[in-house]
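Have a look at the structure below, then the notes.
Worth saying up front: this structure is predicted, and the values here are computed from it rather than measured. Residue numbers begin at 1 in each chain, while the letters A, B, ... track the order of the sequences.
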Amino acid sequence: MLETIGVESMDDLLVDIPQSLRLESLQLPDGLSEFETMTRVKALADRNRVFPDRLTFRGGGVYRRFIPAVVGAVTSKPEFYTAYTPYQAEASQGTLQAIFEFQTLIAELCGLDVANASLYDGATAVAEAAMMAHVHTGRNEVIVSGYVHPEYVQVLRAFGEGRGIKVRKDGEPNKKTAAVIFQHPDFLGLLVDARGLTTAAHDAGAVAIACVDPISLAVLAPPGEYGADIAVGEGQQLGLAPSFGGPHVGFIACKRELVRKLPGRLVGTAHDAQGRRGFVLALAAREQHIRREKATSNICTNHSLCALAAAVYLTYMGPYGLRHVADVSFKRAHTLADRLKALPGWELAFPERQFLNEFPVRMPRASAIQRKLARKGILGPLDMGRWFRELKGVVTFTCTEVNDVRAIDELVELLAALES
Amino acid sequence: MLETIGVESMDDLLVDIPQSLRLESLQLPDGLSEFETMTRVKALADRNRVFPDRLTFRGGGVYRRFIPAVVGAVTSKPEFYTAYTPYQAEASQGTLQAIFEFQTLIAELCGLDVANASLYDGATAVAEAAMMAHVHTGRNEVIVSGYVHPEYVQVLRAFGEGRGIKVRKDGEPNKKTAAVIFQHPDFLGLLVDARGLTTAAHDAGAVAIACVDPISLAVLAPPGEYGADIAVGEGQQLGLAPSFGGPHVGFIACKRELVRKLPGRLVGTAHDAQGRRGFVLALAAREQHIRREKATSNICTNHSLCALAAAVYLTYMGPYGLRHVADVSFKRAHTLADRLKALPGWELAFPERQFLNEFPVRMPRASAIQRKLARKGILGPLDMGRWFRELKGVVTFTCTEVNDVRAIDELVELLAALES
Amino acid sequence: MTEPLSFELSRPAVDPPRLPDAEVAGPAPKDVLPADTLRSRPPGLPRLSEAEIMRHYSRMASLNYSISENFYPLGSCTMKYNPVVNEAAAALAGFACLHPYQDEDTVQGALELMWRLEQALCAIVGVDRVTLQPAAGAHGEWTALSMIRAYQHSRGEARTEVLVPDSAHGTNPASAALSGFQVVEVLSGPDGRISLADLESKLSPRTSALMLTNPNTLGLFEREILDIAELVHSTGAMLYYDGANLNAFMGICRPGDMGFDAVHMNLHKTFTTPHGGGGPGAGPVGVKEELVPFLPAPTVERMNGQLTLDYRRPHSIGRVRSFYGNFGMLVRAYTYILAMGGDGLSQASQDAVLSANYLRKLVEGDLEMPHDGPCMHEFVASAHGLLTHHGVRALDIAKALLDRQFYAPTVYFPLVVPEAIMVEPTETESKATLDAFAKAVKDIVTEAKTNPQGLHDEPKHLPVGRLDEVAAARRINSYLVGQSEDPILRWKAPSEGAPKDPC
Amino acid sequence: MTEPLSFELSRPAVDPPRLPDAEVAGPAPKDVLPADTLRSRPPGLPRLSEAEIMRHYSRMASLNYSISENFYPLGSCTMKYNPVVNEAAAALAGFACLHPYQDEDTVQGALELMWRLEQALCAIVGVDRVTLQPAAGAHGEWTALSMIRAYQHSRGEARTEVLVPDSAHGTNPASAALSGFQVVEVLSGPDGRISLADLESKLSPRTSALMLTNPNTLGLFEREILDIAELVHSTGAMLYYDGANLNAFMGICRPGDMGFDAVHMNLHKTFTTPHGGGGPGAGPVGVKEELVPFLPAPTVERMNGQLTLDYRRPHSIGRVRSFYGNFGMLVRAYTYILAMGGDGLSQASQDAVLSANYLRKLVEGDLEMPHDGPCMHEFVASAHGLLTHHGVRALDIAKALLDRQFYAPTVYFPLVVPEAIMVEPTETESKATLDAFAKAVKDIVTEAKTNPQGLHDEPKHLPVGRLDEVAAARRINSYLVGQSEDPILRWKAPSEGAPKDPC
Ligand SMILES: Cc1ncc(COP(=O)(O)O)c(C=O)c1O
Ligand SMILES: Cc1ncc(COP(=O)(O)O)c(C=O)c1O
């Protein structure tokens, strides 16, 4: 090949690199065979502790759920996972159609008009939504109402910093308010007054942004029903492994009038000369590759494959399967809550509030108990005191369809034994 | 659908079934969700003990070897694994070409003219080869020379039973002898006089059948080089998991003059009207669906997907990769043998014989030691006394590229500690 | 687009993959083994990078039709959807990494699975014990016949004939022959069922067994099965059930109750283990009490709460394959049975029968139906009239279906129907798919009547057109008789030392 | 063949999948929650069986080109082969099943992997620390600029401008704007490199940073990089490296040594994590000493032999995403780096440069090369002459390549080359593939000169022909302004209650 090029050596191709920059070699060990590589990587994996699904009662934004095998069978298809962003539509109809289906599924779940192709995660989805509100209203303040996932709020703050968006915790919206952001159910698992918050936002001319749990929407009124303008959320529960926090998938859906402000990719239908329907990247004029510094967002690579997983998951479940999952999780969590609050010294932290399948409990001697649970292979509840000073001693438990009754029994019996 | 058919109920479609035969229901529990199913199946899997690759020193026909990830990536493609036997060639070119490549790879390895599409396993491959020899020579006796895998011999006996083929252990071939069958290296891992056995068979007008280890053929003279007429073997080492003994893959290759006697599928090239090359099932007139009771074999479904795995494995390795694997295994096994024979009371069972990577050792207090090895997570050697009275106290050890030096150290140190 | 062979893509510039080093000193085989035991030159394996391998096989995969992308109504083959959870189950390290010679106390889960699968299969087909050893249906047939022979032998009977209907699958007579029996053909009657009269005339003291599948290969239930069983048993012969058609009646009836003494099952048909492009499958055989002593060894037995492999079976026919059968396929089938349950399996069979009758109804205006319905899980149509009147054969219809994204039905089988087209839709296909297939058949038949020549040129939209098998056979023959050096049955480097030589 | 939407395939007759029962008594949400918090009707999800889902997505997959089946020379995107072992590594239960809020002592292996990956990336690009949090390249750009702003802020500087070359990727100005900076464009000179004179004229005390990729998006190494760095640093601004082009010189040179203060890396380009049809990727950012205090929290630190997540970073810009980044992608990249080693990575970059120059040479007779070589890992050609003389655009060439089984190069980027065709072959393609691609280009250019109209009609062999994006945009606009009720951006049931309604 060098001969064809007409040079003598590799160095002739690297002439533009100043000699002073040239390296002898990388300060890294030599390569390994696949077998040795995998042996070492597996040794690292083995140094982590895997808690079984059924004994995992910790949530806080990442949940154990049943993942149908068909999800992995689809996402592991190289035709999907080794394609790029579908710039050439005619040779990317598989990816484009999958995104189009994802957009529709999310819009349906949220009861809103249009959803995008995906965002990185729930946290950046909240931040992007705030940016939309900021641009839409021309206002510089967003209100975070109630217990929104603390990491989402941190990301929102970091995002807002550059654009001069102030993040206010609670309080009444006013005419400086670009958006009211709430999570429903909130970070503690409690239902909030989504309708009231939406109305208050609208009354102040602000945008209402609902951060939602997609599985809850099989049961709860979707944001579109109570009038929220933008719905965002984290899609991990829709067929994605916990994977130490990522990759998962953020989603965002909005009303028609906000569509031009949406960040990221959007896929729409188009037709060829023979009238065949196909799918294309649409409204690209919002995006960085066309609009550069005037783009609605800088996002380019998003989380397409995770969106595909979510689409397969939702299609597997269908409307009634998804509701069944939500119902089972609800029933089990309520059973667990009833049994926990009967333990001496335990009480629900907000007994007057409703929840679905995650709930806050006041638990005595939290850290000692956590250690004992771990020793028994149980991933116990999540300590809220870590983030909220006022919630010292409060933990949240999560139940889903993977926590069978025997697992709940095991947990409660162990706790009862510890209390006695 | 019932309406279209023009009946009222399912029962109307089942009218031909005598009422007395109709069941109320199956005596089986009701079905389960995928999640519960997998939980139960996994509970069974968890009741088995998995010895790590590197600490597995047991062989005897099934070996731990490095399986490149690309093998699974190919065989898990639904286009391959959910297709049927390629009856419609135009819509099955992928499967047909894969088989054609497998046939070529096996023929190349064996140094013989033609190989078939696969057989069930090494044992039935031996039996089918004997059947070929029986038909080819019109003779009724086969000689099994030396330590051929005892289960292969059992299958050969069962196969022979119906056709009246007598299986003789060792002895000189004579004019009643249809075939001389030997394994090289043999069941103990020792090289045999393949050339001499082949010549003796030919001198008596018998067919020489070599049962070979495919990885050994990267190093050892292939059957074609020393004149064997048929080569058979077990292909598990070519990219297939141990899987408690199956599914693996049998292979068979032969000289040109025996091709019409081959059992099972054969794929060949053919061309379409435009001159494009394609692949088709060939020489079908040997087979059961055409020749029925006069077929060379009754085999129909064979082990195509396993053959595909083997083809990918061999292509990944290439000629020099495969030799490297054989060399590494050889060196490690010889190191282990040297260290074992230095242990007090231990000795090579056949010190005058050559071996590649499996070898017989006389070991004191075998069963006590095995128990202790198992306790340390080591799958120790295989007891030959189980099959051969004369080999009481003899065990075989196996080393491959997965048994790293630290594993060998661990094993030897543990044994040394037990001996002192 | 076709794909070159790996051998043609091979490049000498490709380094072998990185592999572990020996890490120990010591000579290589070539340094110590006698020269005449060594290979003289490396085997002619191709040399490709992993990237090239992946692309090569991915492209080949895309040349295949498969149940995952296409309706695959291949009669007698029960091409139903293979749940992906089966694959996950078989891949569990606790199964995939087990050495067959591990000590029994370390494989109790595997033995438990085999035990439970055996129990479930017994319940489904109505037998007393099942061997899981046979690797496929044909292997099961032969295993069963061997047991029957051993049983009769043990009673001092030397029965030498096996009766096989003319509509039987080719493996039936082949298995009988392999077991050393004479094959005697039994004729079908005009209603597509076995002719009782003919059966009676062929039965004799020499008869060892009658091999039967029910519903038979025409998709028709042998209504007189109880009479057949009585007749066969009355001569002291046994009744063997070819289980390829078990998908027709799980939970509806059982071969054991019909009087069958031995039954094979194709786990790769009825129990959704994938076909793999031609295997691996699994062909367990169930038997009634009197055949139990003759089962292949080992069997799985429960003793004092532990499961154990029982090798001490003095009457056993021996071993029919190494180890314990295609264990990985047993895991898949067990997973399927667990997920479906008794209720699910019954429903599956009912839906299979419903699909077949529905589709039969849709196409009966287009294709001749040589036999009256209702059918069971499949039906056989005929293109005989089309051939006579329009010169269009079953093969042409098959190829035309390929061009319309459908895999073809089985054609020219069973042999008793001229220009047979054997359609098995299975229960996992939607009505929409059946409707689309029926429409394709209608279109093709219309084309057959208006433009038969067009059909002869199909398929046109596949990677290759019809391949000339006759020419291929001729070239193979030239090779076999030594008139040519191109084996056709394998790739061969153009010539020694030519650049294509991969080494 | 196109594939209907899942919503169009949906059938009300399909039962929901079997799912675990609650196993506990107790009311369902609808029985206890206030009515106005409840959903009024089920969401419009499709209803398909698993078999139908598998077939639906399998067929869709077959409509895609991908690196596993096609050469994919998409410039700037580094579409190289993704080793399958990466996938196996990420799927290990010890990684895939970790909850991000597990206690640190239960995730030491994961933290160790992150630590080692950070070390390796530091060594490769020549920086002091790396944050693994950003989810993609653009996210990394924004993270880095945020750190630079925070750093300058901490020194009391309020720098408001970021300089971006006219050849830069769109995410560069977009990220700068998102970080609140004014974007100032720097012009390229006639040799395709940044114009030092123009740079000097745009630099000012307001300048916060210059964003640069090197080799730049024309595939050309910025020969004067050391002068550029000095110039930028002399004004107190910082130098930011867009790591999309890192594949050009691993082991050959390092951005850190060139003078870059912050560097993002696209693990989904250089380090073989698959692109997934548009992510997920990972965009770690490496920084020099002075920016370290501003890294997002948490960082991974080693303390007393234990690894820990350090949240107490008072100067940190905060958090840029939840948890610790796209951990699954980090596992893949680490696996790749381990397998390749320092030697393998260096070889990869050299091979990438070799491939690009070879391919450039092959096509330079057919396509204009606006800039002199040698190039680095990619090159940019132009169809400007073809457009002027034959009316054939870069887009036409792209579509014609699709018809020949090749994915198209990036077109119309970078913006500084008219009718740009940006080709990045990568090191994992064989010479045979490059030759075949060059031949296809030659054929297409010949056709452009002889039969330009023919090219406008391509692609002809794909599931759809060219799609009318303009008409689509018009219809979307109608919807957005309320003149139509078809959103185009999603499927909508034909009308309420119509049979297509999936619920
Ligand atoms: C009716 C019938 N009998 C027997 C068999 C043989 O089964 P196998 O292919 O598993 O050996 C088949 C399958 O092709 C069949 O359809
Ligand atoms: C030069 C360049 N910069 C930045 C990016 C943005 O990276 P990402 O898509 O990962 O956000 C890309 C990738 O498209 C690129 O090619």
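- Contact annotation for D:Leu92: only side-chain heavy atoms (C-beta onward) come within less than 4.5 Å of a heavy atom of chain A.
- Remark: side-chain polar atoms of A:Arg64 are paired, donor with acceptor, to backbone N or O of D:Cys97 under 3.5 angstrom.
- Interface residue A:Pro29: only backbone heavy atoms are found under 4.5 Å from chain D.
- Here the CD1 atom belonging to D:Ile488 is positioned 10.5 Å from the CG atom belonging to A:Leu283, to the nearest 0.5 angstrom.
- What you find for A:Arg163 and D:Ala177 is that their closest heavy atoms are NE-O, 3.2 Å.
- Nearest heavy atom pair, residue A:Tyr320 against residue D:Pro16, reads CB-CG, 4.0 Å.
- The contact between A:Thr315 and chain D is made by backbone and side chain atoms together, counting heavy-atom distances below 4.5 Å.
- Within the model, atoms CE of D:Met60 and CD of A:Gln93 stand 9.5 Å from one another, a figure rounded to the nearest 0.5 Å.
- Looking only at side-chain heavy atoms (C-beta outward), D:Tyr334 and A:Leu44 come within less than 4.5 Å of each other.
- Residue D:Leu5 touches chain A through both its backbone and its side chain, counting heavy-atom pairs closer than 4.5 Å.
- D:Asp36 meets the salt bridge (Lys or Arg N to Asp or Glu O under 4.0 Å) test with A:Arg195; sequence neighbours excluded.
- Residues D:Ser346 and A:Leu26 meet the side-chain proximity criterion, which asks for heavy atoms closer than 4.5 Å.
- Ring planes of A:Phe80 and D:Tyr57: perpendicular class, angle over 60° (limits at 30 and 60°).
- Remark: of the listed residues A:Glu101, A:Glu108, A:Gln103, A:Glu108 is the sole one forming a side chain to side chain donor-acceptor pair (under 3.5 Å) with D:Arg490.
- Interface residue A:Val70: only side-chain heavy atoms are found under 4.5 Å from chain D.
- Considering every non-hydrogen atom in both D:Met329 and A:Pro247, the closest pair reads SD-CG, 3.8 Å.
- Of the residues A:Thr4, A:Leu2, A:Ile5, the one that meets the side-chain contact (heavy atoms from CB on, under 4.5 Å) test with D:Asn357 is A:Ile5.
- Counting heavy atoms from C-beta outward, A:Tyr81 and D:Ser68 have side chains that stay 4.5 Å or more apart.
- No side-chain heavy atom of D:Leu19 sits under 4.5 Å from any side-chain heavy atom of A:Val328.
- Proximity to chain D is limited to the side chain of A:Met38, based on heavy atoms less than 4.5 angstrom apart.
- Between A:Ala282 and D:Ile476, the closest heavy-atom pair is CB-CD1, 3.5 Å.
- With respect to chain D, the highest number of heavy-atom pairs below 4.5 Å among A:Ala273, A:Ala83, A:Gly31 belongs to A:Ala83.
- For D:Ala25, the part sitting under 4.5 Å from any heavy atom of chain A is the backbone (N, CA, C, O) and nothing else.
- Closest approach of A:Ala270 and D:Leu467 over heavy atoms only: O-CD2, 3.9 Å.
- Looking at D:Ala473, there are no atoms closer than 4.5 Å to chain A (heavy atoms on both sides), in backbone or side chain.
- Heavy atoms closer than 4.5 Å to chain D are found in the side chain of A:Val15, but not in its backbone.
- Residues D:Glu112 and A:Arg47 are paired through a salt bridge, judged by an N-O separation under 4.0 Å between the basic side chain and the carboxylate.
- Neither the backbone nor the side chain of D:Ala176 comes within contact range of chain A, judged by heavy atoms closer than 4.5 Å.
- From D:Thr410, atom OG1 reaches atom NE2 of A:His289 across 11.0 Å, with rounding to the nearest 0.5 Å.
- The side-chain heavy atoms of A:Glu161 and D:Arg149, taken from C-beta on, include a pair separated by under 4.5 Å.
- For a residue to count as touching a neighbouring chain, one of its non-hydrogen atoms must lie under 4.5 Å from one of that chain's; by this rule A:Ala98 touches chain D with backbone and side chain alike.
- Proximity to chain D (any heavy atom under 4.5 Å) is shown, for A:Phe159, by both the backbone and the side chain.
- Contacts of A:Val41 with chain D are made by both backbone and side-chain atoms, with heavy-atom separations under 4.5 Å.
- In this structure, chain A has heavy atoms under 4.5 Å from both the backbone and the side chain of D:Val24.
- Contact of D:Leu145 with chain A is not made at all, since no heavy-atom distance falls under 4.5 Å.
- Only the backbone of D:Met340 comes within less than 4.5 Å of a heavy atom in chain A; its side chain stays farther off.
- Looking at A:Arg265, neither its backbone nor its side chain comes within 4.5 Å of chain D, counting heavy atoms on both sides.
- For D:Glu3, the salt bridge (Lys or Arg N to Asp or Glu O under 4.0 Å) partners are D:Arg59, not counting sequence neighbours.
- Using a 4.5 Å cut-off between heavy atoms, A:Ile290 does not touch chain D at all.
- Aromatic pair A:Phe244/D:Tyr324: centroids less than 6.0 angstrom apart.
- Of the atoms belonging to A:His324, it is side-chain heavy atoms, and not backbone ones, that fall under 4.5 Å from chain D.
- Contacts between D:Tyr72 and chain A at a heavy-atom distance below 4.5 Å involve the side chain alone, from C-beta outward.
- Annotation: A:Tyr120 is in aromatic contact with D:His139 [ring centroid separation under 6.0 Å].
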* Apply side chain to side chain donor-acceptor pair (under 3.5 Å) to the pair D:Thr171 and A:Asn298, showing each step before the final yes or no. => CA-CA 5 Å; D:Thr171 52; A:Asn298 68 336; over 6 Å; no

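- Atom CG of A:Leu379 sits about 12.5 Å away from atom OH of D:Tyr101, to the nearest 0.5 Å.
- At a 4.5 Å heavy-atom cutoff, the contact between A:Leu14 and chain D is made by side-chain atoms alone.
- Distance check, rounded to the nearest 0.5 Å: CZ of A:Arg157 to CD1 of D:Ile317 gives 14.5 Å.
- Expressed to the nearest 0.5 Å, how far CZ of D:Arg39 lies from CG of A:Leu220 amounts to 9.5 Å.
- Looking at A:Ile408, neither its backbone nor its side chain comes within 4.5 Å of chain D, counting heavy atoms on both sides.
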* For the pair D:Asn64 and A:Ser92, evaluate side chain to side chain donor-acceptor pair (under 3.5 Å) and give the outcome as yes or no after the intermediate values. => CA-CA 4 Å; D:Asn64 263 6; A:Ser92 312; 5.0 Å; no

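- Nearest approach of A:Asn48 to D:Gly94, heavy atoms of both residues: ND2-O, 2.9 Å.
- Side chains of A:Asp327 and D:Pro29 form a contact here, defined as non-hydrogen atoms less than 4.5 Å apart.
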* To do: Check the pair D:Glu87, A:Ser76 against side chain to side chain donor-acceptor pair (under 3.5 Å), reporting the backbone distance first and the verdict last.
  => CA-CA 9 Å; D:Glu87 301 305 307; A:Ser76 67; over 6 Å; no

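- A salt bridge links D:Asp103 with A:Arg58; the closest basic N to acidic carboxylate O contact falls under 4.0 Å.
- Contact of A:Ala43 with chain D is not made at all, since no heavy-atom distance falls under 4.5 Å.
- One N or O on the side chain of A:Ser304 and one on the backbone of D:Gly277 form a donor-acceptor pair closer than 3.5 Å.
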